[in-house]
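What follows is a single structure, written as C-alpha cells, with notes after it.
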Amino acid sequence: MIRIQQCKCKIEDTRSPKQLAADFLGLPLSEIRAVHIRKRSLDARKKPELFYVYCLDVEVSRERNLLKGRGRKGVTAAPEEIYSFPACGTQPLARAPVVIGAGPAGLLAAYELAVHGYRPLLLERGLAVEQRCREVEAFWNGGPLNAECNVQFGEGGAGTFSDGKLNTMVKDPSGRIREVLKLFVECGADPEILYDSKPHIGTDSLCRLVRTLREKILAAGGRISFASRVTDLEIRENRLCAVHWQKDGCSHRTETSVCVLAIGHSARDTFEMLYERGIPMAAKPFAVGFRIEHPQSMIQESQYGPNGRRLMPAPYKVTAKTAAGRGVYSFCMCPGGMVVNASSEQGGLAVNGMSNQARDGRNANSAIIVTIQPEDFIGWNREFQAAAAKDGGPVKRLAQTLSGMEFQRHLERNAYLKAQGQIPVQLFGDYRCRRPSTGFGEVIPDMRGNYALGQVRGILPLCLEEAIAEGIQSFAAQIRGFDREDAVLSGVESRTSSPVKILRSAQMESEIRGLFPCGEGAGYAGGITSAAVDGLKMAETIVGRYARPRMT
C-alpha cells in the first residue's frame with residue numbers, strides 16, 4: 001500500500017477519493033484497488049477559494065513502480081498499523097481492579113480491563129447517561145441542582161456536555177489515539193472522526209456512544225455501579241487494600257489492590273479525602289475567564305469567506321499576550337453551540353460551552369481565559385480570607401495543595417451572587433466601560449439554564465478582567481468584529497482543567513502501591529481523547545503487570 005500526502009482539491013470538486021488518487025498518480029481508475037482516507041483538512045488560506053487536503057492510503061496494482069527511486073513527490077510506502085496491547089503479566093492479583101469515575105479515562109480503562117478478562121468494578125457517583133440527561137435538563141429548566149449528578153458528574157464525565165472535540169495536541173507514535181477513535185466508531189460515532197483533522201462528535205452523539213460503550217463493558221464481564229460515591233481509601237503499609245463507597249445511603253467496602261483513580265476535574269470532596277489520606281498531590285496551573293458569544297454567521301464569514309456558507313460551522317482559535325505579559329486565549333470553542341450552566345455545588349455557578357453533532361445553533365461561543373499559576377491563587381486566597389475575617393465571616397485554614405480548588409469555589413460563589421443563581425450576562429461594550437447591561441443588541445444569548453443581564457465584572461480579580469478585555473480587543477485583528485459592543489459575556493468559566501495533579505511515577509503508579517491516578521482529574525489529560533488515551537495506557541500498565549484475578 002502507498003500513501004499520498006497533500007492531495008488537494010477545491011471544496012466543490014465532486015470526484016471520489018478513488019478518482020482523486022488515480023488523477024494524482026496519473027493512473028487509470030481500474031488500477032486503483034482501494035482507497036482509505038487517513039486525514040482530511042480544510043485549507044482556507046486563499047479565500048475565497050477553499051480546498052480540501054487529503055492524506056490517502058492507496059492499494060494499487062503497480063506499487064513497486066510508483067515507489068521505485070523514491071517515486072514521485074508526495075508518494076511513500078504507507079506505514080503499518082503499529083498499536084498492540086500487551087500480554088497479561090504474571091504478578092498475582094487476588095481481587096478484581098476498581099475503576100473510580102466513568103469519564104473517558106475511566107470508561108476506556110474499564111473497557112480494556114473487561115475485554116482482557118479482569119472483570120473490573122466501575123464506580124460512578126452520578127447516574128447512567130439516560131437518567132443523567134433528564135437530571136441536567138430539569139436543572140436547566142429551573143429545577144434544583146443535583147450535586148451528585150449534573151454537567152460535571154455522571155456517566156460520560158464532564159466532556160459529555162461539551163463541544164465533543166476529539167482532536168488533541170498529544171503525539172501518537174504508538175497509535176493509541178487511532179485505537180480510541182476506532183472504538184468510538186464501533187460505538188456509533190461518525191467514521192469521519194478517523195480522518196477529519198478536527199474531529200468532533202457533539203453532546204447528542206456522545207450520549208449514545210457512552211451508552212453503547214457501557215453495554216460493551218458489561219458484555220465483557222465488567223461491573224458498573226452508578227450513584228456510588230467513593231468516600232475513603234483503605235491503605236496499609238503504603239499499599240491500597242480496599243475502597244469504601246456509598247450507594248442509596250448504604251456503605252460498602254470493596255477489597256482490591258489495584259484502583260484506577262479517574263475522578264475528573266471537579267470531584268472536590270474526593271480531592272479533600274485524598275489529601276487527608278496523604279496521597280501525594282500538588283497544586284497545578286489552570287485557567288479561568290468568561291464565555292463569549294458571537295453570531296456564527298460572523299465567524300463563518302471571517303474564517304471561510306463568502307464561499308464557506310455551505311460548510312460545517314467554522315471554529316476559531318485566538319491567542320494574545322497582554323501588555324502586562326499575561327496570555328489570553330480561546331478555549332473549548334463551540335461552533336453553532338450554546339452556553340450551559342455547568343454548576344456542581346450548591347451556592348456556586350460555573351459555565352461551559354456545548355454543541356450538538358450538527359452544530360446548528362445561531363451563535364458561536366468560546367471561553368476566553370487567562371492562565372494562573374499556584375503563586376497567583378495562593379496569594380488571592382489569602383486576600384479573600386483576610387477580607388472574610390474583617391467582615392466577621394468564617395475563615396477556613398487552606399492547604400496550599402488545594403488552594404486552586406478553593407479559588408475556583410470563590411469565583412463560582414461570586415458568579416452565583418451576581419444573578420441570584422442564574423447565569424450572569426453582560427455585553428462586552430458594557431464590560432469594557434464597567435457598567436451593567438440592561439438590554440441586548442443583535443447577539444441574543446443561546447443558553448441552557450436561566451440567565452440574567454447585569455455584570456460579570458467583579459467575579460475575577462481585576463488584573464484578570466483587564467487582561468480579558470485587552471485580549472478580546474486584540475482578537476479583532478484576527479477575527480473582524482470579535483470586539484463588537486454587543487458580544488455577550490457570561491461567567492464564570494472556572495473548570496478548564498484540574499486544579500491539582502495527583503502524582504504518579506513513570507510506571508503510572510502513585511507512591512501508594514496499587515493506586516493509579518489517571519485522566520484529566522489527576523492532571524494527565526486535557527480533553528476527551530487525551531483522557532481516553534490515558535485510560536487506555538492505564539489498562540495496558542495493569543494488564544502488562546498483573547495476571548487475571550481468580551474467579552470469586
Do the charged groups of Lys39 and Asp196 touch, with an N to O distance under 4.0 Å?
no
Met338 and Asn363, any side-chain heavy atoms less than 4.5 Å apart
no
Within-4.5 Å side-chain heavy-atom neighbours: Glu293 and Val339:
yes
Keeping Ser225 on the side-chain end and Ser228 on the backbone end, is there a donor-acceptor pair under 3.5 Å?
no
Less than 6.0 Å separating the ring centroids of Phe482 and Tyr316?
yes
On a heavy-atom basis, which atom in Val99 and which in Pro120 lie closest, and how many Å separate them?
CG2-CB, 4.4 Å
Knowing that exactly one of Val230, Thr270, Ile263 qualifies, which makes a side-chain contact (heavy atoms from CB on, under 4.5 Å) with Arg125?
Thr270
From CA spacing to verdict: side-chain contact (heavy atoms from CB on, under 4.5 Å), Glu186, Thr212:
CA-CA 9 Å; Glu186 287 178 25; Thr212 304; over 6 Å; no
Do Gln296 and Arg359 have side-chain atoms, one donor and one acceptor, less than 3.5 Å apart?
no
Working to the nearest 0.5 angstrom, can you tell me the gap between Lys8 NZ and Asp43 CG?
4.0 Å
Inspect the contact between Arg132 and Glu155 and indicate whether a charged nitrogen and a carboxylate oxygen are less than 4.0 angstrom apart.
no
May I ask you to test the Ile2-Thr76 pair for a side-chain heavy-atom distance under 4.5 Å?
no
Rounded to the nearest 0.5 Å, how far does CD1 of Ile528 lie from OG1 of Thr168?
11.0 Å
Please check this pair: side chain of Ser162 against backbone of Gly159, looking for a donor-acceptor N/O pair closer than 3.5 Å.
yes
Hey, is CD on Glu215 packed in by over 12 heavy atoms from elsewhere, all under 6.0 Å?
yes
Kindly determine whether Arg223 and Glu124 satisfy salt bridge (Lys or Arg N to Asp or Glu O under 4.0 Å), including the steps that lead there.
CA-CA 11 Å; Arg223 296 160 293 154; Glu124 168 54 51; over 6 Å; no
Check this for me: does any side-chain nitrogen of one of Arg178 and Asp172 sit under 4.0 Å from a carboxylate oxygen of the other?
no
Just wondering, do Tyr304 and Met312 contact through their side chains at under 4.5 Å, heavy atoms?
no
Determine, for Arg448 against Asp446, whether the closest basic-nitrogen to carboxylate-oxygen distance falls under 4.0 angstrom.
yes
If you define the side chain from C-beta out and look only at heavy atoms, does anything of Phe286 sit under 4.5 Å from Ser498?
no
Ion pair present between Arg176 and Glu540, side-chain N to carboxylate O less than 4.0 angstrom?
yes
Should Lys317 and Ser366 be marked as a side chain to side chain donor-acceptor pair (under 3.5 Å) after you check the CA-CA gap, both sets of side-chain angles, and the distance that decides it?
CA-CA 9 Å; Lys317 185 175 183 180; Ser366 177; over 6 Å; no
Between Lys18 and Glu59, is the closest basic N to carboxylate O distance under 4.0 Å?
no
Roughly how far, to the nearest 0.5 Å, is the OG atom of Ser197 from the CG atom of Asn167?
8.0 Å
Should Glu493 and Phe331 count as side-chain neighbours, where that means a heavy-atom distance under 4.5 Å?
yes
With a 4.0 Å cut-off, would you call Glu130 and Arg134 a salt bridge?
no
Under 3.5 Å side-chain donor-acceptor pair for Thr90 and Arg545
no
Ignoring hydrogens and geometry beyond distance, is a side-chain donor-acceptor pair present between Ser41 and Tyr54 at under 3.5 Å?
no
d(Cys332 SG, Asn365 CG) to nearest 0.5 Å is 7.5 Å
Trp140 side chain to Val340 backbone, donor-acceptor under 3.5 Å
no
So Ile11 and Leu42, side-chain contact (heavy atoms from CB on, under 4.5 Å) or not? Walk me through it.
CA-CA 8 Å; Ile11 61 167; Leu42 181 66; 3.7 Å; yes
Checking His200 side chain against Leu166 main chain: does a donor-acceptor pair fall under 3.5 Å?
no
Is there a donor-acceptor pair closer than 3.5 Å between any side-chain N or O of Ser330 and the backbone N or O of Val318?
yes
Would you check, one step at a time, whether the test side-chain contact (heavy atoms from CB on, under 4.5 Å) holds for Thr541 with Tyr546?
CA-CA 9 Å; Thr541 298; Tyr546 297 99; over 6 Å; no
Would you say that more than 12 heavy atoms from the other residues, nucleotides or ligands in this model lie under 6.0 Å from the CD of Glu12, or not?
yes
Does the ring of Tyr52 carry Arg40 above it, NZ/CZ under 6.0 angstrom from centre and within 45° of its axis?
yes
Donor-acceptor contact below 3.5 Å, side chain Gln408 vs main chain Ser494:
yes
Tyr111 side chain reached by Lys216 side chain, heavy atoms, under 4.5 Å:
yes
Check: Val136 and Cys133 side chains under 4.5 Å, non-hydrogen atoms:
no
Closest heavy-atom contact between Pro517 and Met538?
O-CE, 3.1 Å
Expected output: side-chain Tyr524 to main-chain Lys501 donor-acceptor under 3.5 Å:
no
Between Arg95 and Thr256, does any side-chain donor sit less than 3.5 Å from a side-chain acceptor?
no
Let me confirm one number: the CG-CZ distance from Leu56 to Phe24, rounded to the nearest 0.5 Å.
9.0 Å
When rounded to the nearest 0.5 angstrom, what distance separates SG in Cys149 from CD in Gln131?
8.0 Å
Looking at Arg504 and Glu511, is any side-chain nitrogen of the basic one under 4.0 Å from a carboxylate oxygen of the acidic one?
no
For side-chain contact (heavy atoms from CB on, under 4.5 Å), just list the numbers for Leu240 and Val258, CA-CA rounded to whole Å, side-chain angles, deciding distance to a tenth of an Å, and then say yes or no.
CA-CA 7 Å; Leu240 179 71; Val258 172; over 6 Å; no
State, without any angle test, whether Lys537 and Ser174 hold a side-chain donor-acceptor pair at a distance under 3.5 Å.
no
Any donor and acceptor pair, going by atom type alone, linking the side chain of Glu520 with main-chain N or O of His265 inside 3.5 Å?
no
Check whether any side-chain N or O of Ser205 sits under 3.5 Å from a backbone N or O of Gly202 as a donor-acceptor pair, and report yes or no.
no
Parallel, tilted or perpendicular: which describes the rings of His116 and Phe85, with under 30° parallel and over 60° perpendicular?
parallel
